[in-house]
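The structure appears below as structure tokens.
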Amino acid sequence: MTIVQTMQDQLKAEIKAAIIKAELATEEQIPTIILEKPKEKVHGDYATNIAMQLARVAKKAPRQIAEQLVEQLDQKQASITKVDIAGPGFINFFIDNSYLTGLIPVILTEADQYGRTNTGLGEKVQIEFVSANPTGDLHLGHARGASVGDTTANLLDAAGYQVEREFYINDAGNQINNLALSIEARYMQALGHDFPMPEDGYHGKDILDIAAELVEKYNADFVEKDPVERQAFFREYGLKFELAKLKQDLADFRVNFDNWFSETSLYKEDKIKPALHLLEQKGYTYEDGGATWFRTTDFGDDKDRVLIKNDGTYTYLTPDIAYHKNKLDRGFKTLINFWGADHHGYIARMKAAIQALGYSKETLEVEIIQMVNLFENGEKVKMSKRTGKAVTLRELMEEVGIDAMRYFFVMRSSDAHLDFDMDLAKSESNENPVYYVQYAHARICTLLKQAEAKGFEADLNYLADHLLTEKAEDLLKQLGDFPQVIADAAKDRAPHRMTQYVFDLASMLHSFYNAEKVLDPDEPEKTKARLALMQAVKITIANALKLIGVNAPDQM
RNA sequence: GUCCCAGUAGCUCAGCUGGAUAGAGCAACGGCCUUCUAAGCCGUAGGUCGGGCGUUCGAAUCGCUCCUGGGACGCCA
């Protein structure tokens with residue numbers, strides 16, 4: 001329970017007591033009391049619309065209800081300094097904010113743990129994200145998925161869930177054959193042979209790199225080899241190469257997975273047939289046209305889906321069902337998958353599978369990451385994986401930097417299309433929100449260094465007397481909200497609220513910094529109190545940035 | 001054709017469970033550095049929340065409908 005929550009609960013309890021005392025409603029009739037933060041400061045620190053909600057039960061006008069409620073309210077008990085009734089019946093509370101200074105010792109003690117809560121109650125959640133095919137470079141869509149998935153995982157972890165990050169390696173399907181054939185073509189071409197690329201071949205630069213590596217290591221050894229043998233070798237070689245590259249790119253992007261799950265392992269460990277049998281047993285499958293079908297329409301899909309094609313091979317769906325069964329067998333209570341927008345049509349059948357396996361459809365949550373459009377010099381940069389001309393994650397890391405990418409990709413709610421402005425991300429100016437936030441952190445660091453040099457030390461004994469100015473209170477309130485913001489963002493899978501939060505906090509810091517001098521030799525007590533506040537802000541900004549995967553520099 | 005996402009200030013976007021005069025940032029305009037980093041701060045201006053109908057004390061938010069943009073609809077993965 002945080003200090004802010006304790007205060008809010010106290011206020012809610014007093015409101016409830018007042019309602020009963022004024023005989024406006026019985027305890028059972030009272031709806032959940034909602035405290036909201038008014039946008040305007042003249043509307044107090046908190047407001048409630050309970051008088052409007054009670055209008056029907058009490059059969060009175062909202063304003064009248066509000067008046068009777070306020071009359072019975074124990075203002076002292078709820079730390080209220082003033083109550084107003086406004087508008088159609090809002091009750092506005094002005095709180096004695098001295099309780100806020102109690103936040104500082106808590107933050108300084110918890111340090112890098114500040115913000116963590118236990119709201120998730122240790123629930124086991126698995127997050128599968130990126131899961132790009134090991135057939136080419138990671139592009140912008142993957143970068144967004146990586147940022148959003150990783151930050152969501154960080155948030156869930158901080159909110160007390162037990163999180164596992166997993167990458168599903170699609171190393172078993174047709175695309176891997178294509179990879180082998182593409183490498184083969186590039187290898188032969190590199191040695192001067194006229195050799196066609198396969199129709200759905202991969203045209204990326206990475207394939208040329210692999211071919212070059214092969215030529216360097218083996219010269220023309222493979223030219224005369226049996227094509228089947230050659231392709232098998234290239235397949236393994238290419239897969240290893242691509243996977244190593246994926247892992248390196250993601251690690252450099254500060255995204256680390258707990259588990260790399262291989263699709264092939266499902267075949268090797270014979271996990272697919274048992275899953276298939278289970279669906280058969282439960283009566284969800286049938287034969288038609290030489291194929292085996294899964295009756296997903298039983299679960300609201302608009303069409304049944306094929307599990308085994310009439311050539312005897314599986315569709316993509318079949319091992320994926322086995323994979324998700326495996327996840328559930330591992331004891332995860334919730335599975336969150338981050339998918340690109342192009343997989344949207346796949347959700348219904350996967351949810352059908354989850355239900356057919358005997359779980360509620362809410363067990364699987366699919367978060368769709370909408371497309372990223374890259375803009376440079378005000379123009380849209382065309383992307384195409386097929387021609388290999390897409391901008392890669394690696395290139396963007398080198399060009400705009402990791403901090404800006406991590407921040408920008410999480411900045412917008414992930415179900416909306418994102419315009420990524422390269423010039424803005426690169427710019428080291430006030431247009432760039434990443435710099436704005438980092439600058440706030442760096443400013444505090446410099447300030448603390450100066451304080452040390454001048455012999456000032458933070459002291460927690462003077463907080464209540466010196467931190468109740470408007471700007472300081474704004475900061476304190478924002479600091480106090482941090483744990484709740486994390487918990488809510490985690491629950492709602494809304495990582496973009498974290499960038500919003502830290503931006504607002506930075507803005508309040510800059511505002512405070514300009515309005516009030518921290519180091520003041522004439523006011524030693526005030527200086528000590530403010531230094532403590534600055535330390536608390538520094539910790540909170542750093543913790544927030546850490547959740548997003550952005551560095552908090554000491555100087556800029 | 002069916003489904004999904006989006007449409008909010010000139011631009012990019014927030015807006016949580018329906019609440020008060022719809023908010024930020026950038027761009028525009030006007031101020032603030034002999035003083036802890038001006039990569040900053042303060043102020044001004046800017047809106048028919050795509051259109052319409054409905055639900056209600058109250059709608060950007062919920063429902064219906066239409067318009068516009070993007071995406072998905074395979075025995076591909």
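A note on names: the letters A, B, ... follow the listed sequences, proteins ahead of strands, and every chain is numbered from 1. Computation of the quantities below employed the complete heavy-atom set of this structure, encompassing side-chain atoms and omitting hydrogens, waters and symmetry-equivalent molecules.
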* To do: Determine whether the aromatic ring centres of A:F420 and A:F375 lie less than 6.0 Å apart.
  => no
* Asked: What nucleotide, of B:A39, B:C41, B:A20, holds the atom closest to the side chain of A:Y436?
  -> B:C41
* Base, sugar-phosphate alone, or nothing: which one does A:F503 contact when heavy atoms must sit under 4.0 Å apart? -> sugar-phosphate
* Side chain A:N92 and base B:A20 donor-acceptor under 3.5 Å -> yes
* Across the strands shown, which category fits A:K449 at heavy-atom distances under 4.0 angstrom: base, sugar-phosphate, nothing? -> nothing
* To do: For A:N49, answer base if it contacts any base atom (sugar-phosphate contacts may also be present), sugar-phosphate if it contacts only those atoms, and nothing otherwise; contact means non-hydrogen atoms under 4.0 Å.
  => base
* Base, sugar-phosphate, or nothing for A:S413, non-hydrogen atoms under 4.0 angstrom? -> sugar-phosphate
* Asked: Does one side chain, of A:Y46 or A:E36, offer a donor that lies under 3.5 Å from an acceptor on the other?
  -> no
* Asked: Of the nucleotides B:A77, B:C36, B:C4, which has the atom closest to the A:Y316 side chain?
  -> B:A77
* Which of these nucleotides, B:C13, B:G70, B:A14, is closest to any side-chain atom of A:Q500? -> B:A14
* **A:T313 vs B:C75: side-chain N/O to OP1/OP2 distance below 4.0 Å** => no
* To do: Confirm from the modelled atom types if A:D342 and B:G71 form a donor-acceptor pair under 3.5 Å, side chain to base only.
  => no
* Within the structure shown, what part of the strands sits under 4.0 Å from A:I34 by heavy-atom distance: base, sugar-phosphate, or nothing? -> base
* To do: Have a look at A:G290 and say if it touches a base, only the backbone sugar-phosphate, or nothing, with a 4.0 Å heavy-atom cut-off.
  => nothing
* To do: Under 4.0 Å between any heavy atoms, over every strand shown, what does A:Q53 touch: base, sugar-phosphate, or nothing? Just pick one.
  => nothing
* Asked: At their closest point, which heavy atom of A:A490 faces which heavy atom of A:A159, and how far apart are they?
  -> CB-CB, 3.8 Å
* Using the aromatic ring of A:F90 (for Trp, its six-membered ring), decide whether it stacks on the base of B:A20 within the limits of 5.5 Å and 30°. => yes
* May I ask you to evaluate whether A:K309 reaches the phosphate of B:A77, defined as a side-chain N or O under 4.0 Å from OP1 or OP2? => yes
* To do: Remember a base hit wins even if backbone is also touched, and classify A:Q555 as base, sugar-phosphate or nothing at under 4.0 Å, heavy atoms.
  => base
* **Selection from B:C36, B:C5, B:A39 that lies nearest to any side-chain heavy atom of A:Q370** => B:C5
* Asked: To the side chain of A:Q450, which of B:C36, B:C13, B:A20 is closest?
  -> B:C36
* To do: Compute the centroid of each ring, for A:F261 and then for A:F167, and state whether the two points are separated by less than 6.0 Å.
  => no
* Side chain of A:R412 (C-beta onward), nearest among B:C75, B:U12, B:A38 -> B:U12
* Asked: Considering only side-chain heavy atoms of A:N514, which listed nucleotide, B:C41, B:A20, B:C75, is closest?
  -> B:C41
* To do: Report yes or no: is the ring centroid of A:H343 under 5.5 Å from the six-membered base ring centroid of B:A72, with the two planes under 30 degrees?
  => no
* Structure fact -> Ranking B:A20, B:A38, B:G19 by distance to the side chain of A:A86, first place goes to B:A20
* Side chain of A:T315 (C-beta onward), nearest among B:C75, B:C41, B:A20 -> B:C75
* **Sugar-phosphate only, base, or nothing, as touched by A:A442 at under 4.0 Å among non-hydrogen atoms** => base
* To do: State which of B:G69, B:U17, B:A14 makes the closest approach to the side chain of A:H417.
  => B:G69
* Please work out if A:D171 contacts a base, only the sugar-phosphate, or nothing of the nucleic acid, heavy-atom cut-off 4.0 Å. => nothing
* Asked: Closer than 4.0 Å, any side-chain N/O of A:K37 to the OP1 or OP2 of B:A20?
  -> no
